[in-house]
Amino acid sequence: SGAAGEADPTAVYSGDMGQVVRQDVTKSVSLTGTLQSTRSEVLYSTLNAKVKSVEVKAGDRVTKGQRLAQLDTTDIAQELASQEASLREAQVAKSNEIANANTAYQQALQAYNSGTSPDVSAAKRTLAEAQRAQARANQALQLAQQQAAANPGEAALRVTEARDAVTTAAENTADAQLGVQTAQRSARSQVDEAARTLQAAQAGASGGSDTQRSLEKLRQDLQNATVTSPIDGVVTAVSAKVGSAADGSLLTVEDDKNLLIRTSVKEKDVAKLHVGDKVTFTTPATQKQEYTGAVSFISPTAEATASNDNGGMNSGGSGGNEGASFQVEVKVTGQVEGLRIGSSVKAKAVVQSYQNALTVPKSALVDAMDPVGGEGSTETKARSDTAVLDPAELPKAILKVEDDGKGNLTISEIPVEVLLSSQGTVAIRGQGLEEGMSVLLNAMSYQHLVGQSAHLTDTPPNLGEAGMMGDK
């Protein structure tokens with residue numbers, strides 16, 4: 001007990017009593033960003049057509065393949081019908097051309113194989129006549145020679161004339177034989193020419209023509225005139241207007257089941273983040289409902305505009321110019337019910353955590369008077385030799401309180417290792433720590449009681465001093 005007007009140095013305020021509690025402790029980086037889809041499909045049309053109908057509005061849910069809009073296909077359909085009719089006419093003409101070419105080829109081939117080609121037949125008739133004429137000339141020569149033997153004087157001239165006739169007949173026969181060969185070669189050439197004509201006709205029928213390619217494009221245009229959704233999702237924008245040309249974007253469909261948060265993180269915070277870090281977040285629309293995600297991307301380069309475009313509030317919650325900013329993406333991993341694309345997001349990325357740790361309020365920590373190494377240890381000596389130490393780096397302790405049940409308290413110091421400090425709660429470990437252990441809060445005010453007896457009071461220290469001042 002102290003003198004009148006002085007605070008009792010052995011009094012411990014009951015409101016400063018606390019306990020060692022086992023709980024999870026996490027350290028996080030605060031983020032703000034925008035909720036976006038992982039897949040956004042902007043639908044365009046390259047057709048020179050007007051919009052005939054629009055069958056959805058922004059906010060409608062659609063499925064893959066569902067028709068969203070229809071373009072006017074009147075001109076396309078007319079052009080397609082016209083080209084198809086022209087193609088049918090061309091196909092009939094081509095079919096007739098092939099049939100005629102095939103007939104000519106077969107006739108030429110048969111005539112050649114059978115030798116009944118008109119030119120060959122005529123050449124063969126000429127050869128036969130020349131051969132008969134040669135035979136007659138030979139017979140006449142033989143007769144003239146027999147007569148000359150019986151009457152040499154009168155038959156000599158006849159023999160000479162007969163020999164000339166035989167020579168002429170032989171020459172005519174040779175010419176006729178050459179004529180047959182020439183006619184046969186001509187017939188072979190006619191067969192080859194007919195074959196080439198047939199092949200050309202057939203190739204023209206089977207080859208990919210410009211008309212065929214044009215028809216394929218028109219048919220594809222007809223199909224593309226029906227605008228369908230490429231994904232399951234939500235229509236987020238409708239630019240198409242009935243009666244207007246289908247220029248530029250028509251609609252936008254986004255996948256609202258696979259979402260991500262895009263945010264910009266200041267340089268001082270981005271170093272704390274890692275891909276895979278767990279994230280919790282809320283949106284204004286869903287109020288207190290908490291959603292989960294994970295960091296999926298951290299840009300290795302700073303954004304092009306790293307000044308105060310957003311007031312420096314995307315991470316950390318502090319304003320001012322804090323250096324470069326880096327784009328970070330968070331993939332939403334849990335439920336997405338209630339989330340809306342484009343919503344603003346407040347998130348916390350867990351960068352460090354201890355599960356089921358022994359914890360105390362931060363005010364229960366004091367700088368250790370008897371550090372873990374003990375008095376005179378190397379650790380103590382090293383600290384005593386240091387001129388200035390950062391208080392955050394000094395060994396810490398808690399003040400354990402033991403009550404004998406009669407209101408008498410014993411205060412002792414337990415050195416601890418600080419594992420993690422977050423939002424006024426500290427995860428610790430050390431010998432002798434137990435869940436439920438009584439400790440002193442605002443411990444620095446009671447460090448002088450270590451090793452001494454004390455007692456509880458329900459009067460806060462400041463109020464007690466004020467009451468004593470009033471008595472004076």
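Residue indices begin at 1 and follow the sequence shown. Remember, it's a predicted structure, so these values are computed and weren't measured experimentally. Note: hydrogens, waters and symmetry copies are ignored here, and every other heavy atom, side chains too, is used.
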- Item | pair Val345-Thr32: side-chain heavy atoms closer than 4.5 Å | no

- Task: Apply side-chain contact (heavy atoms from CB on, under 4.5 Å) to the pair Val439 and Leu399, showing each step before the final yes or no.
- Result: CA-CA 5 Å; Val439 296; Leu399 302 185; over 6 Å; no

- Is it true that atom CD of Glu337 has more than 12 heavy atoms of other residues, nucleotides or ligands lying nearer than 6.0 Å? no

- Query: What distance do Leu433 atom CG and Gln431 atom CD have between them, rounded to the nearest 0.5 Å?
  - Reply: 9.5 Å

- Answer yes if the side chains of Asp16 and Tyr446 hold a donor-acceptor pair under 3.5 Å, and no otherwise. yes

- Going by atom types alone, do Ser40 and Ser37 pair a side-chain donor with an acceptor below 3.5 Å? no

- Task: Report yes if the side chains of His455 and Thr10 come closer than 4.5 Å at any heavy-atom pair, otherwise no.
- Result: yes

Can you give the donor-acceptor pairs under 3.5 Å from side chains of residues 46-56 to other protein atoms, not counting sequence neighbours?
{"residue": "Glu55", "atom": "OE1", "partner": "Arg67", "partner atom": "NE", "Å": "3.3"}
{"residue": "Glu55", "atom": "OE2", "partner": "Arg67", "partner atom": "NE", "Å": "2.8"}
{"residue": "Glu55", "atom": "OE2", "partner": "Arg67", "partner atom": "NH2", "Å": "3.2"}

- Minimum heavy-atom distance Ile341-Gln36, with the two atoms named: CG2-CA, 4.4 Å

- Regarding Glu79 and Gln83, is there a side-chain donor-to-acceptor distance under 3.5 Å anywhere? yes

- Could you tell me which non-hydrogen atom of Phe281 sits nearest to which non-hydrogen atom of Ala347, and how far apart they are? CB-CB, 3.6 Å

- Item | Residue pair Glu254, Val234: steps toward the side-chain contact (heavy atoms from CB on, under 4.5 Å) verdict | CA-CA 5 Å; Glu254 298 188 64; Val234 171; 5.9 Å; no

- Message: For a quick test of reading the model, state the closest non-hydrogen atom pair linking Asp24 to Asn356 and the distance between them.
- Response: OD1-N, 2.6 Å

- Note on the structure: Heavy atoms of Thr333 and Gly293 approach each other most closely as OG1-CA, 3.4 Å

- Distance only, no hydrogens: is a donor on one side chain within 3.5 Å (strictly under) of an acceptor on the other, for Asp221 and Asn224? no

- Whether Ser95 side chain and Gln91 backbone form a donor-acceptor pair below 3.5 Å: no

- Please tell me if the side chains of Pro284 and Ser344 come closer than 4.5 Å, counting only heavy atoms from C-beta onward. yes

- Item | Expected output: side-chain Thr38 to main-chain Asn258 donor-acceptor under 3.5 Å | yes

- Query: Counting distance only, does the side-chain N/O of Gln78 pair as donor-acceptor with the main-chain N or O of Asp75 below 3.5 Å?
  - Reply: no

- Query: If you measure only the distance, is there a donor-acceptor pair under 3.5 Å linking the side chains of Gln23 and Thr359?
  - Reply: yes

- Can any side-chain N or O of Asn102 pair as donor or acceptor with the backbone N or O of Ile98 at less than 3.5 Å? no

- Task: Start with the C-alpha gap between Met17 and Leu440, add the side-chain angles, then the distance that decides, and say whether side-chain contact (heavy atoms from CB on, under 4.5 Å) holds.
- Result: CA-CA 5 Å; Met17 293 290 290; Leu440 287 175; 3.8 Å; yes

- Query: Are any of the side-chain heavy atoms of Thr263 and Val265 separated by less than 4.5 Å?
  - Reply: yes

- Task: For the pair Arg61 and Asp256, find out whether any cationic side-chain nitrogen is under 4.0 Å from an anionic carboxylate oxygen.
- Result: yes

- Message: Hydrogens and angles aside, do Thr282 and Gln289 bring a side-chain donor and acceptor to less than 3.5 Å of each other?
- Response: no

- Query: Below 4.5 Å, heavy atoms only, C-beta onward: do Arg188 and Tyr112 meet side chain to side chain?
  - Reply: yes

- Are Glu193 and Arg196 close enough for a salt bridge, meaning some N to O gap below 4.0 Å? yes

- Measure from the side-chain N and O atoms of His448 to the backbone N and O of Pro9, and report whether any donor-acceptor pair falls under 3.5 Å. yes

- Query: Do the non-hydrogen side-chain atoms of Val295 and Val279 ever get within less than 4.5 Å of each other?
  - Reply: yes

- Thr226 side chain to Gln70 side chain, donor-acceptor N/O pair below 3.5 angstrom: yes

- Query: Is there a donor-acceptor contact under 3.5 Å from the side chain of Asn96 to the main chain of Ala93?
  - Reply: no

- How long is the gap from CD on Gln447 to CD on Glu413, to the nearest 0.5 Å? 6.0 Å

- Looking at side-chain heavy atoms only, is the closest gap between Gln423 and Thr425 below 4.5 Å? no

- Message: Quick one, Tyr291 with Thr286, criterion side-chain contact (heavy atoms from CB on, under 4.5 Å). Give me CA distance, side-chain angles, the key distance, then yes/no.
- Response: CA-CA 10 Å; Tyr291 296 87; Thr286 54; 3.2 Å; yes

- Message: If I take atom CZ from residue Arg262 and atom CD from residue Glu329, how far apart are they, to the nearest 0.5 angstrom?
- Response: 4.5 Å

- Message: Show, in sequence, the C-alpha distance, side-chain angles and deciding distance for Glu41 and Arg39, and conclude whether the salt bridge (Lys or Arg N to Asp or Glu O under 4.0 Å) test is met.
- Response: CA-CA 7 Å; Glu41 296 288 345; Arg39 183 178 179 186; 2.7 Å; yes

- Query: Would you say the side chains of Ser325 and Lys266 form a donor-acceptor pair under 3.5 Å?
  - Reply: yes

- Note on the structure: Note: Ile76 and Leu218 closest approach over all heavy atoms is CG2-O, 3.7 Å

- Message: Strictly distance-based, threshold 3.5 Å: is any side-chain N or O of Asp232 a donor or acceptor partner for the main-chain N or O of Lys64?
- Response: yes

- Item | Gap between atom OG1 of Thr410 and atom CG of Leu449 - 0.5 Å precision | 10.5 Å

- How about Ser14 and Asp458: does a side-chain donor come under 3.5 Å of a side-chain acceptor? yes

- Message: Rounded to the nearest 0.5 Å, what separates atom CG in Leu419 from atom CZ in Arg429?
- Response: 5.0 Å

- Of Thr228, Val253, Leu251, Ile231, which meets side-chain contact (heavy atoms from CB on, under 4.5 Å) against Val62? Val253

- Task: Calculate, to the nearest 0.5 Å, the distance between atoms NZ and CG belonging to Lys396 and Leu365 respectively.
- Result: 7.0 Å

- Output yes when Glu97 and Lys94 qualify as a salt bridge under the 4.0 Å nitrogen-oxygen rule, no when they do not. yes

- Message: So Ile298 and Val270, do their side chains get closer than 4.5 Å, heavy atoms only?
- Response: yes

- Item | Which atom of Leu35 lies closest to which atom of Arg340, heavy atoms considered | CD2-O, 3.5 Å

